[in-house]
Amino acid sequence: MAPAASTSASPLSRLLLVSLPKPGAARHPSSSSPAPPCQQDAAAGGLVLRRREAAVAVLSTAVLSRFVLPAAAGAADGGECPLEVAPSGLAFCDRVVGTGAAAQEGQLIRAHYTGRLEDGTVFDSSYKRGKPLTFRVGVGEVIKGWDQGIVGGEGIPPMLAGGKRTLKLPPALAYGEKGAGCRGWEPTSCVIPPNSTLLFDVEYVGRASG
């Protein structure tokens with residue numbers, strides 16, 4: 001079930017995922033003339049890569065950004081976090097237990113998040129926009145796994161303000177058979193493919209005014 005309109009213009013709640021780059025948007029640098037041979041600059045001591053070496057460097061950077069950097073970010077935030085699975089199928093782990101008030105159903109709250117597919121692909125992040133998501137929690141404004149993962153229930157404690165929690169949502173508590181961010185009939189056109197299990201790192205900032 002798709003979430004209803006939220007109080008904040010957010011890709012998470014509107015299913016638009018507008019912060020994502022369009023497919024095929026990335027371009028590799030090219031040149032009409034062959035790259036100069038590898039040579040040493042006597043003044044600076046720098047190296048000019050040949051075209052083949054440059055291609056290898058670009059490929060290596062892409063591989064590192066996909067696999068190594070996300071792992072390093074996880075380690076910086078406390079490393080691996082063992083997940084507990086609730087009866088609903090929602091799994092959670094508190095990386096940081098907050099010290100503020102607990103989230104309550106119906107409250108208008110603010111939360112930062114990063115959403116990932118199971119293969120580690122980041123599909124959305126409020127941190128990149130520099131603004132937390134503002135929504136009313138526990139009333140269906142966002143996907144079910146978010147409501148339960150923040151307010152709690154079924155063996156899951158509510159998040160406390162200032163807390164950081166990792167959530168693993170089965171498809172039934174996320175975007176289900178339809179997926180999200182789809183631009184056509186083919187499942188491959190979806191930013192979140194149908195029947196996707198999703199991972200969210202959520203930071204409960206606290207209650208919002210209004």
Side-chain angles (χ1 to χ4, degrees), residues 1-20 70 73-74 76-78 81-117 121-176 178-181 191-192 196-210:
M1 178 177 176
S6 171
T7 54
S8 170
S10 162
L12 177 67
S13 58
R14 293 189 293 123
L15 302 180
L16 296 181
L17 303 161
V18 292
S19 64
L20 291 168
D77 194 29
C81 192
L83 296 169
E84 298 181 45
V85 183
S88 65
L90 176 65
F92 72 99
C93 177
D94 285 314
R95 292 184 176 274
V96 176
V97 177
T99 57
Q104 296 181 18
E105 184 176 315
Q107 282 185 339
L108 190 66
I109 69 167
R110 295 184 300 151
H112 265 305
Y113 66 92
T114 296
R116 292 174 282 120
L117 302 178
T121 300
V122 175
F123 58 81
D124 192 20
S125 174
S126 65
Y127 292 102
K128 291 182 179 179
R129 293 189 295 276
K131 184 179 181 181
L133 173 65
T134 299
F135 66 102
R136 204 165 293 281
V137 69
V139 295
E141 286 192 358
V142 291
I143 51 181
K144 292 180 181 179
W146 259 56
D147 276 342
Q148 184 180 353
I150 296 176
V151 173
E154 295 191 36
I156 301 176
M159 289 191 72
L160 305 181
K164 295 182 180 181
R165 176 174 287 178
T166 293
L167 301 174
K168 185 174 183 179
L169 280 57
L173 298 180
Y175 296 107
K178 293 183 178 180
V191 177
I192 299 177
S196 289
T197 295
L198 303 180
L199 293 163
F200 284 97
D201 291 320
V202 180
E203 177 183 356
Y204 176 32
V205 178
R207 188 171 182 175
S209 58

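Computed from heavy atoms alone, side chains included, the values below leave out hydrogens, waters and symmetry copies. Please read all numbers here as calculations on a predicted model, not as lab measurements.
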Inset, instruction - State, yes or no, whether a side-chain contact exists between P158 and I150 at a heavy-atom distance under 4.5 Å. - result: no
Inset, instruction - Keeping to residues at least two apart or across chains, list the salt bridge (Lys or Arg N to Asp or Glu O under 4.0 Å) pairs with something in residues 165-175. - result: D94-R165, E118-K168
Legend entry - Minimal non-hydrogen separation, S88 against P170, with atom names: O-CG, 4.4 Å
Inset, instruction - Calculate, to the nearest 0.5 Å, the distance between atoms CD1 and OH belonging to I192 and Y175 respectively. - result: 5.0 Å
Inset, instruction - Could you tell me the separation between the CZ atom of R116 and the OG atom of S196, rounded to the nearest 0.5 Å? - result: 13.5 Å
Inset, instruction - Run the ring-centre check on F123 versus F200 and record whether the distance is less than 6.0 Å. - result: yes
Legend entry - Heavy-atom check, side chain of V137 versus side chain of D147, under 4.5 Å: yes
Legend entry - side-chain contact (heavy atoms from CB on, under 4.5 Å) involving L160 - partner list, sequence neighbours excluded: V97, A102
Inset, instruction - Check whether any side-chain heavy atom of L90 lies under 4.5 Å from a side-chain heavy atom of V85, and answer yes or no. - result: no
Inset, instruction - Over all heavy atoms of both residues, which pair between E141 and R136 is shortest? Give the atoms and the distance, please. - result: OE1-N, 2.9 Å
Legend entry - Nearest-0.5 Å distance, CG of residue L199 to OG1 of residue T121: 11.0 Å
Legend entry - Side chains of V142 and Y113 in contact at under 4.5 Å (non-hydrogen atoms): no
Legend entry - Heavy-atom check, side chain of Y127 versus side chain of D201, under 4.5 Å: no
Legend entry - E154 side chain vs P87 backbone, donor-acceptor pair below 3.5 Å: no
Name the atoms and distances for all side-chain donor-acceptor pairs under 3.5 Å in residues 105-112, with sequence neighbours left out.
residue, atom, partner, partner atom, Å
Q107, OE1, Q104, N, 3.1
H112, ND1, S126, OG, 2.7

Inset, instruction - Measure the CD1-CG distance between I156 and L167 for me, rounded to the nearest 0.5 Å. - result: 7.5 Å
Inset, instruction - Determine, stepwise, if the pair R129 / D124 fulfils side-chain contact (heavy atoms from CB on, under 4.5 Å). - result: CA-CA 10 Å; R129 293 189 295 276; D124 192 20; 2.9 Å; yes
Legend entry - Minimum heavy-atom distance I143-A174, with the two atoms named: CG2-O, 3.6 Å
